[in-house]
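I have placed the structure first, in the form of C-alpha cells, so that the comments after it can refer back to it.
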Amino acid sequence: MRRSGLAFLIGMALIAATSAMPGWLAVTVMTLGVAAHTVGELWQAVGSLELQFRFAPAHAQGQYTGISALGTGLANVAAPSLLGLLCIAWGAPGWLLMGGIFVAVGLAVPAVVRWGERTRPHSAEAV
C-alpha cells in the first residue's frame, strides 16, 4: 500500500506537469503518468485484497467482502466529484494534492494493520 501511494503520486505529478508542455511531449509524459498510476492501482488492489482476507475470520468471509465492496462503492460515488474539483478546477496543485493524499493513506496503512493485528484474533485459516 505504501508503494501504491508513491506510484500514484508519481503518476499524478507527471500528469500535472503536462499542462505547460508542447503536445508531443505532453502525450509522452502523460503516457508515463498513466503507466505509473496503473502500477499504483495494481499495488493498491493487491494490498486491499490481502487486507480484506487477512483479517476476516473463516466464518465471516462474506461479511468482510460485502463491507469491502460497500467501501469501494462509496469511493466510486465520491471520486468523480472530488477529482473534478481538485484535478480539473485546481489544475496541477489539485493533482499534487491528490497524490499527497494517496501517499498519506499508503503510509498510514501499516499502522492500521498493526492495530488490527493487536486487537483481533489472527488465524492461519483466514489468510
Side-chain angles (χ1 to χ4, degrees):
M1 296 298 271
R2 289 181 304 229
R3 281 182 272 183
S4 73
L6 183 59
F8 282 129
L9 176 60
I10 291 168
M12 291 178 178
L14 288 169
I15 292 168
T18 61
S19 64
M21 294 179 179
W24 67 270
L25 183 58
V27 168
T28 303
V29 173
M30 181 77 69
T31 301
L32 293 172
V34 169
H37 186 91
T38 301
V39 169
E41 285 202 24
L42 292 171
W43 283 337
Q44 187 274 334
V46 169
S48 293
L49 287 172
E50 167 67 21
L51 293 176
Q52 178 180 331
F53 291 103
R54 169 185 264 190
F55 292 111
H59 71 279
Q61 291 285 325
Q63 291 94 326
Y64 276 61
T65 301
I67 291 297
S68 177
L70 178 64
T72 300
L74 291 173
N76 288 339
V77 168
S81 297
L82 182 62
L83 293 174
L85 170 68
L86 292 178
C87 299
I88 295 173
W90 290 9
W95 282 102
L96 296 174
L97 177 60
M98 278 305 304
I101 290 169
F102 282 115
V103 168
V105 170
L107 291 174
V109 168
V112 172
V113 168
R114 285 191 297 275
W115 171 79
E117 288 174 337
R118 280 193 317 272
T119 60
R120 286 158 180 74
H122 181 63
S123 69
E125 304 147 7
V127 175

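Owing to the predicted nature of the structure, the values given are computational and were not obtained by experimental measurement.
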- Under a 4.5 Å cut-off applied to non-hydrogen side-chain atoms, are V34 and T38 in contact? yes
- Sorted by first residue and then second, give each side-chain hydrogen bond (donor to acceptor under 3.5 Å, both in side chains) pair with at least one member in residues 21-36; sequence neighbours left out. none
- Task: Take L51 and V109, measure what side chain to side chain contact (heavy atoms under 4.5 Å, CB included) needs, and give me the verdict at the end.
- Result: CA-CA 10 Å; L51 293 176; V109 168; 4.0 Å; yes
- Task: Scan residues 64-91 for pairs that pass side-chain hydrogen bond (donor to acceptor under 3.5 Å, both in side chains), counting only residues two or more places apart or in two chains.
- Result: Q52-T65, Q52-S68
- Do I15 and M30 come close enough that some side-chain heavy atom pair is under 4.5 Å? yes
Can you give me every donor-acceptor pair (side chain of residues 94-107, partner residue at least two apart or in another chain, under 3.5 Å) with its distance?
residue	atom	partner	partner atom	Å
W95	NE1	C87	O	3.4

- Linking I/L/V/M/F/W/Y whenever their side-chain heavy atoms sit closer than 4.5 Å, directly or via other members, would L86 and L83 fall into one cluster? yes
- Message: Tell me whether M21 shares a hydrophobic cluster with L14, the cluster being built from Ile, Leu, Val, Met, Phe, Trp, Tyr side chains joined at under 4.5 Å.
- Response: yes
- Mind listing the closest non-hydrogen atom pair of A36 and I10 along with its distance? CB-CG2, 4.1 Å
- M12, L42: one ILVMFWY side-chain cluster at the under-4.5 Å cut-off? no
- Find out whether V113 and M1 are in side-chain contact, i.e. whether some heavy atom of one side chain is under 4.5 Å from a heavy atom of the other. no
- Task: Could you tell me the separation between the OG1 atom of T119 and the CZ atom of R114, rounded to the nearest 0.5 Å?
- Result: 13.0 Å
